[in-house]
Every structure is written in structure tokens, then in C-alpha cells.
Amino acid sequence: MTATLGTTSTTKTPDLGPAVELVSKEEGHRQPLAPEFVSAEDFSPLEVAYDFGRVRREDIEAGPKNIWRYKKLLPVPSNVEEIPNTEPGATRLIQADRLAKALGVKKVWVKDDTGNPTHSFKDRVVAVALAAAREFGFDVLACPSTGNLANAVAAAAARAGWRSVVLIPKTLERAKILTTAVYDGDLIAVDGNYDDVNRLATQLAAEQESWAFVNVNVRPYYSEGSKTLAFEVAEQLGWRLPSQIVVPIASGSQLTKVDKGFREFGQLGLVDETPYKVFGAQATGCSPVSTAFRAGHDVVQPVKPDTIARSLAIGNPADGPYVLDVVNRTGGAIEDVTDEEVVEGIRLLARTEGIFTETAGGVTVATAKKLIETGKLNPDEEIVLLITGDGLKTLDAVEDKIGPKATVSASADAVREALGI
């Protein structure tokens, strides 16, 4: 299905920086920049094609301390940083030595994206989507969401002075509902899972001409925001690519765009084009891409999600086949982990590095552990883990597993006794 808009969105030529056209992922059909997400020629997803020109390290380093330092590599206006936005990005990359020791590997880096404005990587993709949507003449920012995107869309719309319409499964974690509702947009809970909500959003995107559904009708632009994770990792590593990187899989877009970001940096001469391996992480209760990889298939069969990792609970991932392509091309692998392993992944990262991640991050850490134990991740080469959301959003995942070591009376003797000292 191709979603198009009325004449209100085509009254001016959009300023999308280096973006020149859209191209279909299957057969390479090209078409003008527009708020469309599926090729009418081969019915495959559309993505943005560019004419970058010359991009230098020093130009990037002179830019703002957010994702707009990479604006010459994104489909956004040339003055994007001057327009009110949430200014995401520039999150820390930490050398996680204690985690590396616990995992029995030489070196681990953690890309901690919990430091974004609404505490997940979704602020990156939404900022790019909003910038593009403005150029196309939209005035409502909308999305179907498993939680983090809901937060990011509601916050970005509030900052921009736009109306927001956010659709979520009614079973979403309470914390994510509250941290979306606080921005006072139109939050609608739907009786169904994420795939039901996504189908509803696709229908509405075709009907509501002024609504920009960030991950539907402006999806080609939105998804490009994930490249900034790759750009930052490479820049923070001293302008080089990592040997191995582990990425959580929901729709699969983030993993494919991290790969695209690495390749673009290499093609532009910003880094040496050294080999790297991309690994994917899923929860066993929603692991269609992992299942396909293990079976050697190039088609992903939809599943019904049943996992505590709700931000990854997309049973019919749009970019699943392209994830398989990336992982196979780079020599990586895809694994999945149980809910119990997810919780242990959360706790392992917290106790070793002081980072409290949501369930998606628990999936990433636990999957990395499993990949190391099965010999798929090389323990002698560095590993980058993408931690994409804050643990305060998924407290229900750990609330029955942790708590005070003891409850004592208000005396030093009682404390000493409890501590055994």
C-alpha cells in the first residue's frame, strides 16, 4: 500500500538537505521525494537516496552536540538546528570493563542511549521525521507505538507546538503510558497488540491528510535517524568502525540503518572501510527474525508476541528480511533469549556498569552473553552493545526480583547485624 497526501503537502519543494529521491529496496525503482513508504512499482519499502557531496570530519566536529552535527548526511533542512526540537543525540559511549570481565571478553563498549530527552533512541528518529514532515506540510505528528516511540512523538510534538496522536496497545507498561500522557497530546489505547495498532495507523495515514505517522507515511525519513547511532559510535571510537556490534530487533529498521550508517561513513572516507559484524538480539517470546536466521530462511514468518520485552514485541517486523541480509552479509548472527535471561541481562548491566536499562537492553546484554558462550561473538575482538532505553520505563519487569536486602530498626547495631559486620 502506498500512502499519499493531498495537495496541501506539495505546495513547495521540500528542503531535505542532501536527500534527492526515494528508491525501492527490492528493485531500485526511483521516484521523487514524497511522504510515501512503499514503491508502487515493486511494492517494497522505500528508502532515501542522497547526493552527499563532500563531507569532512572537521565539519562534523564543528557541529552542535546533538544529531544535527550529521545534518549533511540526513534528510533534513539545512537550518534544522534553528527550529525548536528536542535536540537528541551525543549520548555517551562507555568502555564497560567490569561487564567485559563478567562476560569473559577482552573489551566491551556500551552505547548508552538512555541519555536522550525521553530516555530512548526513538528521540533520534522522531526528530528526523518531524523535520521532514514539516517540509511536506503536515501539522500533526502521529504514530503507532510499543512505548518508547509514543514518548518521543508526544514530546517532540509538544516542543514543536504540534498536535500529537499516539496509538498504543492497551496492555503497554504503565510507566510508558504515563510518560506519554504527561505531554497532553491525544493518546489512544487500542484493544489489540502492536501489529493490530500498526494496521490501524496505516489505515488512518491514508485517510488523514495532515497527519504525519512517523513510522508509516514518513517512515523513509524517520528510519534514517537510526544512522546517527552508527555515526556517533564511529566518531566516539576515534573515527573507526567497531569489529562487532549487537543491536536489538523490533521492526528491524534500527539494525539495517546502523549498517547503512557504517557503510556511508566508509564510502565518504570518514573512516577506513574495515570489516565489521552485525548481530541481532530478540526475546524468545517474539523472535521471528531469530527463528528465520536459525532455519536459514530469507522469509520471516509472523508470530504472536508473548514477552516482557514489549518494546521489541513486533510479531511481523517490516524490515525482518533486510535484517537477515545485513547479518548474513557481515558474518554476524541472530539469537533470542528468555524473559528470565532478559531480567538477568538488566541486572548484569546495572551491577557491573551502573546503567539501568529497560527490557530491550536486557535482551541485548543477555543475547551478547549467549553469543559469546556459543562462540559466535569473538571474545578477543571488541563488542559494542546498543542500549536503547531506560529501565525506569519497565520497572514491572524487575519489581518482583529486587528490593531491600533487609528491613531493620533504626539503630546502627541492626544495620551491622544485617550486613554481617
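Given the structure is predicted, the values throughout are model-derived calculations rather than measurements.
Every residue was checked against the salt bridge (charged side-chain N to carboxylate O under 4.0 Å, His left out) condition with Asp306, not counting sequence neighbours, and none meets it. Residues meeting the salt bridge (charged side-chain N to carboxylate O under 4.0 Å, His left out) test with Glu381, sequence neighbours left out: none. Scanning for side chain to side chain contact (heavy atoms under 4.5 Å, CB included) contacts around Val23 gives Arg30, Glu47, Ala49, with sequence neighbours left out. Checked against side chain to side chain contact (heavy atoms under 4.5 Å, CB included), Leu395 has the following partners two or more places apart in sequence or in another chain: Phe356, Leu392. Residues passing the side chain to side chain contact (heavy atoms under 4.5 Å, CB included) test with Ala230 are Val258, Phe262, sequence neighbours excluded. Here Asp195 pairs with nothing under the salt bridge (charged side-chain N to carboxylate O under 4.0 Å, His left out) rule; sequence neighbours left out. Checked against salt bridge (charged side-chain N to carboxylate O under 4.0 Å, His left out), Lys277 has no partners two or more places apart in sequence or in another chain. Qualifying ring pair (Phe, Tyr, Trp, His ring centres under 6.0 Å) partners for Tyr221, counting only residues two or more places apart in sequence or in other chains: Phe136. Listed by chain and residue number, Leu348, Thr352 satisfy the side chain to side chain contact (heavy atoms under 4.5 Å, CB included) test with Ala102 (two or more places apart in sequence, or in another chain).
Summarising the geometry of Trp109 relative to Leu237, their closest heavy-atom pair is CE2-CD2, 3.6 Å, with the distance given to 0.1 Å.
Residue pairs that meet the salt bridge (Lys or Arg N to Asp or Glu O under 4.0 Å) test with at least one member in residues 387-403, sequence neighbours left out, are Arg310-Asp396. Sorted by first then second residue, the ring pair (Phe, Tyr, Trp, His ring centres under 6.0 Å) pairs that include residues 65-96, not counting sequence neighbours, are Tyr70-Phe231.
Inspection of the Asp336 and Thr284 side chains reveals an N or O donor paired with an N or O acceptor under 3.5 Å. For the residue pair Gln31 and Glu41, no side-chain donor N or O sits within less than 3.5 Å of a side-chain acceptor on the partner. With no hydrogens or angles considered, a side-chain donor-acceptor pair links Glu341 and Thr338 at under 3.5 Å. Checking Ser44 against Asp42 by side-chain atom types alone, a donor-acceptor pair falls below 3.5 Å.
How far NZ of Lys370 is from OG1 of Thr374: 8.0 Å, rounded to the nearest 0.5 Å. Arg159 contributes atom CZ, which lies 7.0 Å from atom CG of Asn85 (distance to the nearest 0.5 angstrom). Here the straight-line distance linking atom CD1 of Ile334 with atom NZ of Lys376 works out to 10.0 Å at 0.5 Å rounding.
With contacts defined as side-chain heavy-atom distances shorter than 4.5 Å, the pair Arg240/Phe265 does not qualify.
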Side chains of residues 324-332: which donor-acceptor pairs under 3.5 Å do they make with residues two or more places apart or in other chains?
residue : atom : partner : partner atom : Å
Asn328  : ND2  : Leu324  : O            : 2.9
Arg329  : NH2  : Asp259  : OD1          : 3.2
Arg329  : NH2  : Asp259  : OD2          : 2.4
Thr330  : OG1  : Val278  : N            : 3.1
Thr330  : OG1  : Val326  : O            : 3.0
Thr330  : OG1  : Val327  : O            : 3.4

